[in-house]
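Below is one structure, written out as structure tokens; comments come after it.
Naming: A, B, ... by sequence-line order, numbering from 1 per chain.
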Protein chains: 2
Amino acid sequence: MTDGVVERSRPRDRILETARDMFHKHGIKGVGVDAITEAAGTNKMTLYRHFESKDELIVECLRANALKAGAMWETFEAEHPGDKLAQLHAWVRKAAAMLNTDGRGCDMANAAAELTEPDHPARRVIKELKEAQRERLVGLCRDAGIGQAELLADTLSLLFEGARVSVQTVGAEGPSTQFVRMAEGLIVSFRGTAAN
Amino acid sequence: MTDGVVERSRPRDRILETARDMFHKHGIKGVGVDAITEAAGTNKMTLYRHFESKDELIVECLRANALKAGAMWETFEAEHPGDKLAQLHAWVRKAAAMLNTDGRGCDMANAAAELTEPDHPARRVIKELKEAQRERLVGLCRDAGIGQAELLADTLSLLFEGARVSVQTVGAEGPSTQFVRMAEGLIVSFRGTAAN
DNA sequence: GCTGGAAGTTACAGACCGGTAACACCCTAG
DNA sequence: CTAGGGTGTTACCGGTCTGTAACTTCCAGC
């Protein structure tokens, strides 16, 4: 499971999966289409039959990431049915786990750092997906009966985002080790405020 | 003041300044040495007489950035001599101002996102500079008489880091607008705890 | 004015990039 | 068995990248 994702499945799926993995590990500009197709056990022509350009492949990878991340929320609901507060704590634990298992930051944030052209197709997708992500967290906080749900959600989300870049810059032993403590403290503090 | 920093000064300084600006705006892998030297009003040979490689130029740019950021702290001390709490609030205001004036994130974080090779010379420099940055903020919190200075400093720093990536992904009208509110709230909250 | 070093110029090497053309192959649906 | 679409192969295009060689020009200090 290094870079060679060569299970037998349809070429398009292999390319998408391999590209996701390699973009995540080596950055978007750090990976060429040749390297992707080779690792996916196929060739460049096949890639360009399924994706009209590398940029479209990038966009598709980001969407696939978001889809996978969306599935995460469903496990929260499955593990704590109806208990929105427990689901929020599950989110915190899940976020902390990601900090320890993955030294690279958020793919969307990394992509935004790399793709600086203001009209790059990936930028609107990133914005769109990040806003959807925020809506979900806000909804969770609100349903958990927390006053100022937006503020808590935004704070937690900035904290997590910051923790991910911190892991990327100073490593997993830096300030990100305190993430759970910070997040739990915030939740307690916000629970104290009236839910008017 | 777009990309053409061609004031008359020594070529090395012009190259360094121009590279800093262009790396910041377009990303490291998004800028070639030819483009840098042209914008700096010089040529490639001169660049390679002063920097042994692009990687070394990158490292030097990061160090120059940190130097400039270090000067910021001195203005805090100059504007609020001895009043460490006021300096901490000045840091919050300054951070918020950066969120609104600069749509790109932290150069070190962006560089870490782009330069994925684990032994890239820039990575150790980034870690070193980020740790120094943290020490400064921790010191400020401690001198401001705040209990759990490390935890507050880390929280503020993760919040700020997260706000910068948020600006880069969803824009300045997203969650980052709440940064000052979050930060001030945290400071108040930590001031309440005993300084034992 | 002369000299020596810094800076500019041109050309090039070698590698890699994204993307395409033309053609051979294989495998499955009919 | 056959037809046809998906796939593989090879070669190529034009461009860009970092880095270097050889040479000229400029300019300050003596």
Worksheet item: Taking CG from B:Leu47 and P from C:dA7, how many angstroms apart are they, rounded to a whole number?
Response: 12 Å

Worksheet item: Under 4.5 Å between any side-chain heavy atoms of B:Leu85 and B:Arg191, yes or no?
Response: yes

Response to the item:
Residue set satisfying side-chain hydrogen bond (donor to acceptor under 3.5 Å, both in side chains) with A:Glu184, at least two apart, ordered chain then number -> A:His89

Atom pairs, protein N/O to nucleotides 3-6 of chain C N/O, distance under 3.5 Å:
none

Discussion item. So if I take residues 108-120 of chain B and measure heavy-atom distances to DNA chain C, which residues fall below 4.0 Å?
Written reply: none

Fill in: Euclidean distance, atom CD of residue B:Glu38 to atom P of C:dG8 [Å, nearest integer]
13 Å

Worksheet entry | Length of the CG-C1' vector between B:Asp34 and C:dA13, whole Å | 14 Å

Practice prompt. Specify the separation, in whole Å, of atom NZ of A:Lys29 and atom P of D:dT16.
Written response: 14 Å

Fill in: With A:Asp34 via salt bridge (Lys or Arg N to Asp or Glu O under 4.0 Å) - residues at least two apart
A:Lys44

Practice prompt. Apply the test salt bridge (Lys or Arg N to Asp or Glu O under 4.0 Å) to residues A:Glu77 and A:Lys84: give CA-CA distance (whole Å), side-chain angles for both, the deciding distance (0.1 Å), then the verdict.
Written response: CA-CA 8 Å; A:Glu77 175 64 38; A:Lys84 298 296 182 181; 3.2 Å; yes

Worksheet, complete the sentence: With sequence neighbours left out, the residues meeting ring pair (Phe, Tyr, Trp, His ring centres under 6.0 Å) with B:Phe160 are B:Trp91, B:Phe179

For residues 56-73 of chain B, which side-chain donor-acceptor pairs fall under 3.5 Å, sequence neighbours excluded?
unit_1	atom_1	unit_2	atom_2	d
B:Arg63	NH1	B:Glu128	OE2	3.1
B:Asn65	OD1	B:Arg20	NH1	2.4
B:Asn65	ND2	B:Asp107	OD2	3.1

Worksheet item: For residues 102-127 of chain A, which residue pairs qualify under ring pair (Phe, Tyr, Trp, His ring centres under 6.0 Å), counting only residues two or more places apart or in two chains?
Response: none

Item to complete: Provide, to the nearest angstrom, the distance between the CE atom belonging to A:Met45 and the P atom belonging to C:dG19.
Response: 12 Å

Fill in: Separation of C:dC23 C1' from A:Asn43 CG (nearest whole Å)
13 Å

Worksheet item: Rounding to a whole Å, what distance do you find between A:Lys44:NZ and C:dA21:P?
Response: 13 Å

Discussion item. Below the 4.0 Å mark, does C:dG8 have OP1 or OP2 next to a side-chain nitrogen or oxygen of B:Thr46?
Written reply: yes

Worksheet item: side-chain hydrogen bond (donor to acceptor under 3.5 Å, both in side chains) with A:Glu150: which residues, sequence neighbours excluded?
Response: A:Arg142

Discussion item. For B:Arg104, give me all partners under salt bridge (Lys or Arg N to Asp or Glu O under 4.0 Å), at least two apart in sequence or on another chain.
Written reply: none

Worksheet item: Using a heavy-atom distance cut-off of less than 4.0 Å, which residues of residues 53-61 of chain B contact DNA chain D?
Response: B:Ser53, B:Lys54

Practice prompt. List, by chain and then residue number, the residues other than B:Val165 in its hydrophobic cluster (Ile/Leu/Val/Met/Phe/Trp/Tyr, side-chain heavy atoms under 4.5 Å); write none if there are no others.
Written response: A:Val165

Fill in: Separation of C:dT9 P from B:Tyr48 OH (nearest whole Å)
18 Å

Worksheet, complete the sentence: Residues at least two apart in sequence or cross-chain that pass side-chain contact (heavy atoms from CB on, under 4.5 Å) with A:Glu114, listed by chain then number, are A:Ile28, A:Lys29, B:Glu114

